[in-house]
Amino acid sequence: MEEKKFHIIIVDDTMGEKDPFVVELKLNYQKEAIVSYFTKVEEAFTFVDEHMSERMVIIMDCRFGSVWQGVDAVKELRKKTSLIYVIMMSANNVNQLSSQDIMSLINMDSIFFIKNTDIEGAKGKIETIRKLWNVRFDCVLEQWLIRHPEDNNKEAFSEATTGKTYTWSDILVELRLQTPVGKSFEHKLNEYYIYQLNRSKK
């Protein structure tokens, strides 16, 4: 398994490919990331669906000229996965959002805020997210498989009900897609760690 670039997805209906914000991110992360720009939420979501098993950061405007709003888009995204980090852009940070929208975002994981086109703020949040990837299980597993490609096709998990087996490479995809299999594996793994922690205290 070759190390893949992560995705930075910009969703905003007022910028353009040549906007300084977009250009700066492309230049800054040209070796580590693929930066994609979308003016329509629907097109961005199609891209996300096609790359759900990969690491990505979404930078999204809080307000769109269409019927979509950034908060609504994040709610739809969270129906698919809780693993994708989102950076919300707002003209006045969160001041322009309603209290109901603010509470909705607070109750969702992995959300960051910056002011519109704050390039340094965006880069800072991206670096924070990259550090968080170092401790998240799916990202740790991905790095392990990159360093140990011989383990990609080794059996990792077997479903009790169907008897279907999954390799470590399969499990990585299931975790990223937040499928029932991925969630079940993560749950069992957490139970195992808690069990080991309790044993160590005895």
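Values below: all heavy atoms of this structure, side chains included; hydrogens, waters and symmetry mates excluded. Residue numbers run from 1 in the order of the sequence given.
W168 CH2 to L141 CG: the interatomic distance, rounded to the nearest 0.5 Å, is 6.5 Å. Residue T179 holds its OG1 atom at 7.5 Å from CD1 of I171, rounded to the nearest 0.5 Å. Between the CE atom in M15 and the OG1 atom in T117 there is a gap of 6.0 Å [rounded to 0.5 Å]. From E155, atom CD reaches atom CG of D170 across 10.5 Å, with rounding to the nearest 0.5 Å. Rounding to the nearest 0.5 angstrom, the gap separating the CD1 atom in I84 from the CD atom in E54 is 10.5 Å. With rounding to the nearest 0.5 Å, the separation of CD in E43 from CD1 in I9 is 12.5 Å.
Counting heavy atoms from C-beta on, the side chains of H51 and H7 come closer than 4.5 Å. By the 4.5 Å heavy-atom criterion applied to side chains, Y166 and V181 are counted as neighbours. Two residues are said to be in side-chain contact when any heavy atoms from C-beta on lie closer than 4.5 Å; K125 and Y85 fail this criterion. Looking at heavy atoms from C-beta onward, I10 lies out of side-chain contact with F38 at the 4.5 angstrom threshold. Using a 4.5 Å heavy-atom cutoff, the side chains of S36 and F47 are in contact. Counting heavy atoms from C-beta on, the side chains of M56 and F6 never come closer than 4.5 Å. Proximity of D19 to T14: side-chain heavy atoms (C-beta onward) are nowhere separated by under 4.5 Å. Using a 4.5 Å heavy-atom threshold, the side chains of K123 and N28 count as touching.
Residues G182 and L175 come closest through the heavy atom pair O-CD2, 3.5 Å. Closest approach of Y29 to I126, counting heavy atoms only: OH-CG2, 3.5 Å. The shortest non-hydrogen separation linking E24 to I119 is CG-CG1, 3.2 Å. Across all their heavy atoms, V22 and G16 have their closest contact at CG2-O, 3.5 Å. Among all heavy-atom pairs drawn from S158 and T165, the shortest one is OG-CG2, 3.9 Å. The two residues I59 and A122 have their closest heavy-atom pair at CD1-CB, 4.5 Å.
Of the possible donor and acceptor atoms, one in the side chain of N152 sits under 3.5 Å from a partner among the backbone N and O of P149. Panel note: side chain K5, backbone Q30; a donor-acceptor pair is recorded below 3.5 Å. Although no hydrogens or angles enter the test, the distance criterion places a donor-acceptor pair under 3.5 Å between the side chain of Y37 and the main chain of D12. Between the T46 side chain and the E42 main chain, a donor and an acceptor come within less than 3.5 Å of each other.
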Exercise. Would F157 and T167 count as a side chain to side chain contact (heavy atoms under 4.5 Å, CB included) if you check the C-alpha gap in whole Å, the side-chain angles of each, and the deciding distance to 0.1 Å?
Worked result: CA-CA 7 Å; F157 181 66; T167 65; over 6 Å; no
For this session: Start with the C-alpha gap between E17 and K26, add the side-chain angles, then the distance that decides, and say whether salt bridge (Lys or Arg N to Asp or Glu O under 4.0 Å) holds.
Result: CA-CA 10 Å; E17 292 285 351; K26 285 185 175 181; 2.9 Å; yes
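Follow the hydrophobic side-chain contacts under 4.5 Å out from I8 and you reach W133 in the same cluster. I87 is not connected to V23 by any chain of hydrophobic side-chain contacts under 4.5 Å among Ile, Leu, Val, Met, Phe, Trp and Tyr, and they are in different clusters.
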